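In what follows, a structure is listed as structure tokens, so that the remarks can point back to it.
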Amino acid sequence: MFPPVNEQMDIIKRFAVEVFPEDELFEKIEKSIKQNKPLRVKLGCDPSKPDLHIGHSVVLRKLRQFQDLGHKAILIVGDFTAMIGDPSGKNKTRPSLTLEETRINGRTYLEQATKILSKENLEVRFNSEWLNNMNFADVIKLASKYTVAQILERDDFSLRYRQGMPISLHEFLYPLAQAMDSVAIEADVELGGTDQKFNLIVGREIQKAYGLEPQSIVLMPILEGLDGKEKMSKSLGNYVAITDDPKDMFGKIMSIPDELILKYYLYATFPNPLESEKFEEGLKSGLLHPKEAKIQTAKKIVALYHGEEEAEKAHQDFEKVFSKKEVPDEVETLFLNVANKVQPLVDVLVATGLAPSKKEAKRLIEQGGVYVDGSRVCDVYMNLDISTRRLIKYGKRKFLYIQSG
RNA sequence: GGGCAGGUACCGAAGCGGUCAAACGGGGCAGACUGUAAAUCUGCUGGGGUAUCCCUUCGGAGGUUCGAAUCCUUCCCUGCCCA
């Protein structure tokens, strides 16, 4: 039923930054084969931001691999922990949410996650199930298992402490709460991004403290955002959402700096060894042009979420709009219900929602970023007759047909 | 509880009575260029108005003043030191 240990280890280790303790994991897999019992593989998710992007997909794909090996994926929706708000990475305390909010977000998360995960071998648990039932004595018992010095080892805590940034006391409880999840579901393995290393290790310690066998840890790389500087995140706006439409997905990936191409190719698509070797060598030798490499990457990613056909279309569109400066195949038509068919262009731009304000619209016109029917607008106070259909290009990539009616 | 230092636009950070819609950097947007929504260079970056005009913004609320981001009072928030 299960593939042999070595084969499993190879698959698990591929694309992972760190897998430890390796020998423990090896034994666990051996045991699971012998007893014909799947491993319980935990992945925590944060429902405070339910929109998944391809940064999340890295770890989700890894979890999927575990599923494909016959193991049980246990997705923990951190509805309770989201109320605390993991400060990880950011030096700011996150706003906490109510339980209901996190529940709703959790559903959205799940919906998106199953674009990558299999629905079989999948168990979904909300951590309020156990965390919400702990009383103060339970919390004290849990907190007594860890020391201030230990918790301060966490990079971002010590950094914030040194910089005089605020750390609320409850933030210290976050890693402990997350560790309780591992206790509650008796995780054999926990997956996470490298930024989760500390939390996952606390999980091991706390499991031991509660008389359980400590989980093994698989750390996946963190995908940088489109800017190539910060980690991909929604709040930074440097992300590719897995629900993005093909065009956006394609375009966004084309905008990554060249240095990021390989990383995206590998971690967002999990190519097989043959493919990745070819790709890597092509890049290194220069036989594969960076633009071409990017196109391949973009196509592959789009295809994962939308299929080959859409990927091809997105590619065509991209070439059209950006290389040939033409109009894309499909442009939406907006009918404006207005009394006057001739109006200042600026007003039209605001009415369509293309521009957030007249000032902004004027600015863009002044800078030569607005086209009507293919010709650049140079008069800020131009009037536009919309009794017939007009094509507006606003900025680099917003196209819209507009007509009164 | 006491002492000190702070809270400025999307973020970081200057400004410390008028010349402040607020320097500078980042981010964002646009233009040029290109291999692309890469890189680089240039410009723009509160709102309304076809006018050196008005409105909103410097933690909140009051006050002083012809005039406040700048001074005073009070409240809230944060860090450091002491207890």
Side-chain angles (χ1 to χ4, degrees), chain A residues 54 87 89-95 157-169 171 224-241 244-265 282-283 286-299 301-302 314-326 328 343-347 349-351 353-371 375-384 392-399:
Chain A
I54 62 173
K90 292 198 183 175
N91 291 353
K92 260 185 201 163
T93 313
R94 277 198 214 141
F157 283 150
S158 53
L159 186 74
R160 280 161 66 190
Y161 191 68
R162 264 183 280 129
Q163 293 183 336
M165 304 286 290
I167 306 171
S168 293
L169 201 50
E171 294 182 56
E224 278 102 335
L226 303 171
D227 50 22
K229 291 171 202 148
E230 308 250 21
K231 117 181 196 186
M232 185 179 284
S233 89
K234 198 186 175 193
S235 44
L236 291 171
N238 61 359
Y239 66 104
V240 181
D244 271 344
D245 65 58
K247 257 186 225 179
D248 272 350
M249 240 184 207
F250 195 94
K252 282 180 180 179
I253 294 158
M254 290 304 283
S255 83
I256 60 173
D258 290 356
E259 308 80 69
L260 239 60
I261 299 174
L262 185 61
K263 236 182 156 178
Y264 269 54
Y265 181 76
L283 271 183
L287 285 175
L288 182 59
H289 190 284
K291 187 189 174 190
E292 187 50 39
K294 236 190 247 186
I295 289 172
Q296 277 186 30
T297 307
K299 260 183 160 170
I301 293 174
V302 175
H315 179 202
Q316 299 302 327
D317 243 35
F318 185 87
E319 291 291 338
K320 238 183 169 171
V321 176
F322 298 105
S323 300
K324 301 183 192 144
K325 308 274 181 206
E326 289 172 4
Q343 296 212 26
L345 172 63
V346 187
D347 289 342
L349 292 175
V350 174
L354 285 170
S357 70
K358 289 191 193 182
K359 278 264 198 234
E360 187 92 27
K362 278 185 197 164
R363 234 177 261 138
L364 201 69
I365 293 172
E366 272 164 13
Q367 293 177 136
V370 178
Y371 289 73
S375 50
R376 176 178 277 173
V377 178
C378 41
D379 176 13
V380 178
Y381 302 105
M382 170 184 167
N383 282 303
L384 188 66
I392 295 182
K393 183 183 179 201
Y394 182 85
K396 270 190 179 130
R397 54 202 143 100
K398 288 183 187 161
F399 292 87

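As the structure is a computational prediction, the values presented were derived from the model and not from experiment. Lettering follows sequence order; numbering is per chain, from 1.
Counting any heavy atom pair closer than 4.0 Å across all strands shown, A/Lys398 reaches no nucleic acid atom.
A 3.5 Å limit on both hydrogen-bonding distances identifies B/G3 as the Watson-Crick or G-U partner of B/C80. Under the Watson-Crick or G-U wobble criterion, with both distances below 3.5 Å, B/U34 is left unpaired in every strand shown. Pair assignment for B/C71 gives B/G63, based on Watson-Crick or G-U wobble hydrogen-bonding distances that are each under 3.5 Å. In this entry B/A14 has no Watson-Crick or G-U wobble partner, no candidate having both defining distances under 3.5 Å.
Taking only side-chain atoms of A/Ser255, from C-beta outward, the nucleotide of B/U36, B/A37, B/G48 with the closest atom is B/A37.
Atom pair A/Lys396:NZ and B/C33:P shows a separation of 12 Å (rounding to whole Å applied).
For the P atoms, the distance linking B/C20 with B/A69 amounts to 12 Å, nearest Å. Nucleotides B/U70 and B/C10, compared at atom C1', are 24 Å apart to the nearest Å. Nucleotides B/G60 and B/C77, compared at atom P, are 15 Å apart to the nearest Å.
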Interface polar pairs with nucleotides 79-83 of chain B, N/O, under 3.5 angstrom:
unit_1 : atom_1 : unit_2   : atom_2 : d
B/G79  : O4'    : A/Gly164 : O      : 3.4

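With respect to A/Glu360 and A/Arg363, a salt bridge is recorded, a charged nitrogen being found less than 4.0 Å from a carboxylate O. Salt bridge annotation for A/Lys299-A/Glu319: absent, with no cationic side-chain nitrogen under 4.0 angstrom from a carboxylate oxygen.
Shown for residues 361-368 of chain A: residues whose heavy atoms fall under 4.0 angstrom of RNA chain B, namely A/Arg363, A/Leu364, A/Gln367, A/Gly368.
Between the side chain of A/Lys291 and the base of B/U36 there is no donor-acceptor pair of N/O atoms closer than 3.5 Å.
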